[in-house]
Protein chains: 4
Amino acid sequence: MKTSEKIVHASLKLFNTKGERRITTNHIAAHLGISPGNLYYHFKNKEDIIRSIFSLYEAHLHAGFQPYAHKHVSVELLIGYFDTMFNILWRFRFMYTNLTYILSSDEALLQRYLQVQQLALDRSSNILGQLKRDGLLDVDDDKIMLLADTMRMVACFWIGYKQTHSSSIAITKTCLYEGILRVIMIFKAHATPISIATFNRLEEHYQTLHSLQAAKHSS
Amino acid sequence: MKTSEKIVHASLKLFNTKGERRITTNHIAAHLGISPGNLYYHFKNKEDIIRSIFSLYEAHLHAGFQPYAHKHVSVELLIGYFDTMFNILWRFRFMYTNLTYILSSDEALLQRYLQVQQLALDRSSNILGQLKRDGLLDVDDDKIMLLADTMRMVACFWIGYKQTHSSSIAITKTCLYEGILRVIMIFKAHATPISIATFNRLEEHYQTLHSLQAAKHSS
Amino acid sequence: MKTSEKIVHASLKLFNTKGERRITTNHIAAHLGISPGNLYYHFKNKEDIIRSIFSLYEAHLHAGFQPYAHKHVSVELLIGYFDTMFNILWRFRFMYTNLTYILSSDEALLQRYLQVQQLALDRSSNILGQLKRDGLLDVDDDKIMLLADTMRMVACFWIGYKQTHSSSIAITKTCLYEGILRVIMIFKAHATPISIATFNRLEEHYQTLHSLQAAKHSS
Amino acid sequence: MKTSEKIVHASLKLFNTKGERRITTNHIAAHLGISPGNLYYHFKNKEDIIRSIFSLYEAHLHAGFQPYAHKHVSVELLIGYFDTMFNILWRFRFMYTNLTYILSSDEALLQRYLQVQQLALDRSSNILGQLKRDGLLDVDDDKIMLLADTMRMVACFWIGYKQTHSSSIAITKTCLYEGILRVIMIFKAHATPISIATFNRLEEHYQTLHSLQAAKHSS
DNA sequence: AATGAATGAGTGTTCATTCAT
DNA sequence: TATGAATGAACACTCATTCAT
């Protein structure tokens with residue numbers, strides 16, 4: 001692995017575990033056993049490292065949220081979308097821990113975030129629209145966007161919400177599954193008689209994963 | 001007004017307008033025309049000032065979210081609750097701008113926050129329960145808490161959400177009314193035929209306020 | 001003496017002896033036995049210290065180069081002007097060691113320097129004009145300014161010239177007297193039969209001072 | 001062109017346009033599209049590059065300031081000397097921008113500079129002596145050296161003087177012609193009735209060049 | 001109650017230079 | 001010859017906090 005990649009990955013790991021605020025460039029260098037000068041050889045500054053991490057984030061989002069092009073909605077299809085959501089939240093949890101903090105100190109990054117989020121919102125709205133046209137979703141046409149937006153909001157701030165509204169500070173996969181389940185709950189409220197079974201199976205799928213994850217750490 | 005009170009109010013004002021991160025204790029002292037030493041005579045440290053602001057916050061929450069003791073739900077009653085929500089979000093918007101940041105650096109504060117939020121959640125759940133019993137809300141008994149929780153989450157992170165998912169960084173009353181309307185939207189989804197008119201009037205009330213506020217600044 | 005004054009004087013002393021380039025803010029603080037934080041309590045940054053020194057410089061220039069208001073030119077009068085020149089060059093020799101370096105990194109300082117130098121040039125030109133009108137100086141009217149300018153240039157760069165065109169790097173009073181003598185030489189070239197004796201006495205005065213100074217250090 | 005020569009020429013160009021202080025060895029390497037390691041293969045350090053540039057400087061000085069061996073002084077002859085002066089000042093203007101800065105950090109370089117300057121001074125003095133013997137210059141024998149020295153000083157510090165005593169920071173050919181004219185002014189003050197016409201033509205020559213250069217950039 | 005000078009550990013960053021390949 | 005990753009000492013500067021008065 002190249003040093004610059006090592007720096008990106010070590011930074012992501014340290015940010016995720018200790019929080020971006022508490023990790024200085026010297027910490028990252030020390031963690032990798034390289035000199036601060038070397039770190040600055042590969043990256044202009046700390047912002048630059050974060051931007052590189054953000055590029056990974058963008059790539060994940062683009063790859064995961066592909067337009068919906070299927071005839072029939074299936075549990076597998078929806079699971080694909082929610083798994084993407086889960087993976088992104090988990091991999092880049094340091095961002096979602098403190099979105100405001102991270103985006104408020106770098107205007108250019110905010111713009112990139114807005115752009116990629118707009119795309120993601122468009123694609124989600126599109127999927128919801130298709131589901132509605134397929135008779136699988138019961139929602140007014142002019143409320144589709146708002147539903148997608150609310151689901152996004154819950155997803156984006158679930159980590160922050162958990163960290164501030166529960167005693168356990170650490171972000172765990174268990175807690176992320178709870179977030180997914182909450183988003184599904186909002187989603188499922190608009191199920192049709194035709195699709196309700198599908199939604200139930202979707203929910204059960206993540207409930208199982210949630211229980212398994214919780215069991216892993218309580219045992 | 002006593003110096004310690006002046007410090008609390010000046011800090012709140014400065015935090016709200018410039019952000020807690022950017023305001024140093026020296027800024028606060030300079031703003032009041034007092035010495036930093038004097039500030040530290042009244043407060044142990046910056047955390048201590050924030051804790052004092054937090055006491056105001058607690059008082060507001062306690063006063064605003066009184067248990068529901070009425071026979072008949074009225075628009076005025078619900079408006080009372082939502083006005084409290086609006087006022088608290090506005091007065092202490094620096095907190096809601098970056099809840100994670102502020103609570104993550106002070107464990108004791110987080111505990112106090114959890115406590116007061118638990119109380120608020122209990123009371124909201126209670127109100128929702130009463131509304132259900134009065135036939136004004138259509139929701140499963142075991143989902144009441146979750147509904148209250150979701151409404152709370154949207155309220156608590158609306159400011160952060162707006163700041164990170166829109167180009168306009170400044171927090172305005174207009175943007176807060178939008179948040180209130182979104183919470184009402186989630187709320188109204190569970191209206192019964194008996195209460196739908198009431199919910200509609202509630203929504204219209206805030207839509208009017210939102211429009212008025214928006215007009216004030218666009219003209 | 002107040003700390004801020006101590007900082008200014010210590011900085012001036014260190015700059016004069018070691019050169020501004022080689023003296024960091026930490027050096028200054030360490031030299032005074034104070035913390036770097038304290039230094040930054042009194043001065044915004046290194047530039048700020050230099051600007052304070054520059055204020056002293058301006059005061060010296062203003063005080064020393066008073067307009068010429070006398071009927072008869074006397075050796076004492078001219079000595080007054082040249083003594084001012086000598087004192088300023090000596091007190092602020094770190095500046096004259098490397099004028100370009102110091103002024104090129106602070107645009108605002110360059111502007112202040114230009115202003116005070118313009119004033120000094122105006123006053124010198126004025127004096128030369130008066131001398132001419134008194135029949136003590138033989139120079140074309142349109143060359144007065146150029147003569148003053150050339151004298152200024154030699155004065156301002158004498159230190160730099162000596163440091164780069166002689167083996168002895170250290171700036172001494174002896175070397176400054178040489179500079180004064182060189183300026184006087186250019187000046188004296190325009191003496192009239194009436195004033196030649198005065199110019200000679202002026203020159204002899206500084207030749208004596210030069211010799212005395214040189215003797216002090218060679219013995 | 002060999003890499004080492006490329007480095008020397010690129011460095012000279014970059015130093016002249018951006019200033020030696022602001023150009024790092026990495027800048028030079030990047031400008032040439034070579035690696036910093038390669039640069040250090042050819043040169044021990046930055047100082048070493050400057051010393052190589054200095055060798056070019058020495059060669060120019062030696063070639064330009066040939067001993068005076070002519071019977072009759074002519075405008076062309078003097079123009080030859082002043083053109084050399086102009087060319088050297090222009091080609092190596094980064095040095096003259098900040099002579100003290102560059103020479104003070106490299107003792108060996110200062111010694112070489114002193115040597116080549118001594119030679120140049122000797123030759124200039126020699127020329128002045130010949131001119132005097134030819135009846136073309138009116139100056140005391142014991143003042144010849146001082147006259148040569150003053151002329152040199154004005155030439156060597158004219159760039160620095162302009163940069164610190166005028167608002168326009170950029171060094172232009174126009175500004176260098178001004179410097180030449182100032183040196184000629186000091187020179188011409190010692191013209192004899194026999195040589196005055198020659199001096200006038202010399203001055204006019206550079207006045208024309210100065211005007212042409214100025215016109216080029218104002219139009 | 002109040003002053004304001006003083007602290008000092010810490011931050012992100014720079015750049016001439018080295019060295020294994 | 002050439003690469004380019006790596007070094008590390010140095011720098012200017014910040015800010016919550018302390019303390020003598």
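Chain identifiers are assigned alphabetically (A, B, ...) following the order of the sequence lines, protein sequences preceding nucleic acid strands; residue numbering begins at 1 within each chain.
Rounded to whole angstrom, the span from the CZ atom of C:Phe43 across to the P atom of E:dA6 amounts to 11 Å. Taking atom CD1 of A:Ile23 as the reference point, atom C1' of E:dG10 lies 15 Å away to the nearest angstrom. Here the P atom of nucleotide F:dA20 and the OH atom of C:Tyr41 are 17 Å apart, to the nearest Å. Rounding to whole angstrom units, CD1 of residue B:Ile50 and C1' of F:dA16 are separated by 12 Å. Per the geometry, CG belonging to B:Asp48 stands 13 Å off C1' belonging to F:dT17, to the nearest Å. Rounded to a whole Å, the NZ atom of B:Lys6 is 12 Å from the C1' atom of E:dA1. Between the P atom of E:dG12 and the NE2 atom of A:His27 lies a distance of 9 Å, rounded to the nearest Å. Distance CD1 (B:Ile34) to C1' (F:dT17): 15 Å, rounded to an integer number of Å.
For A:Asn38, no side-chain nitrogen or oxygen approaches OP1 or OP2 of F:dA5 to under 4.0 Å. For the pair B:Thr3 and E:dA1, the criterion of a side-chain N or O lying under 4.0 Å from OP1 or OP2 is not met. Note on D:Thr25: a side-chain N or O is less than 4.0 Å away from OP1 or OP2 of E:dA16. At the phosphate of E:dT7, OP1 or OP2 sits under 4.0 Å from a side-chain N or O atom of C:Ser35. Distances shown here put a side-chain N or O of D:His42 below 4.0 Å from the OP1 or OP2 atom of F:dA2. Distances shorter than 4.0 Å separate none of the side-chain N or O atoms of B:Asn45 from OP1 or OP2 on F:dA16.
Residue A:Arg91 qualifies as open at atom CZ: its count of foreign heavy atoms under 6.0 Å is 12 or below.
A heavy-atom distance below 4.5 Å is found between the side chains of A:Ile7 and A:Phe43. Between D:Lys13 and D:His9 the shortest side-chain heavy-atom distance does not fall below 4.5 Å. The shortest side-chain heavy-atom distance between A:Leu14 and A:His31 falls under the 4.5 Å cut-off.
Both D:Lys2 and C:Lys46 lie near DNA chain F, and the one whose nearest nucleotide falls closer to the 5' end is D:Lys2. Nearest-nucleotide assignment on DNA chain E puts the 5′-proximal partner with C:Gly33, out of D:Arg21 and C:Gly33. Take the nearest nucleotide of DNA chain F for C:Glu47 and for A:Leu39: the residue whose nucleotide is more 5' is A:Leu39.
Distance from the side chain of A:Thr24 is smallest for E:dG12 among the nucleotides E:dG12, E:dA1, F:dA6. For C:Tyr40, taking side-chain heavy atoms from C-beta onward, the closest of the listed nucleotides F:dT14, F:dG4, E:dG12 is F:dT14.
Ring-plane geometry between C:Phe92 and C:His60 is classed as perpendicular, the angle between the planes exceeding 60 degrees on a 0 to 90 degree scale with a lower cut at 30. Taking the six-membered ring where the residue is Trp, C:Tyr57 and C:Tyr113 present parallel rings, their angle staying beneath 30° rather than reaching 60°.
Here the CZ-OG distance, from B:Arg21 to A:Ser104, works out to 4.5 Å after rounding to the nearest 0.5 Å.
C:Gln111 and C:Gln115 share no donor-acceptor pair across their side chains, judged by distance under 3.5 Å alone.
With a 3.5 Å limit on both pairing distances and Watson-Crick or G-U wobble geometry required, the stems of 3 or more pairs in DNA chain E span E:2-21 with F:2-21.
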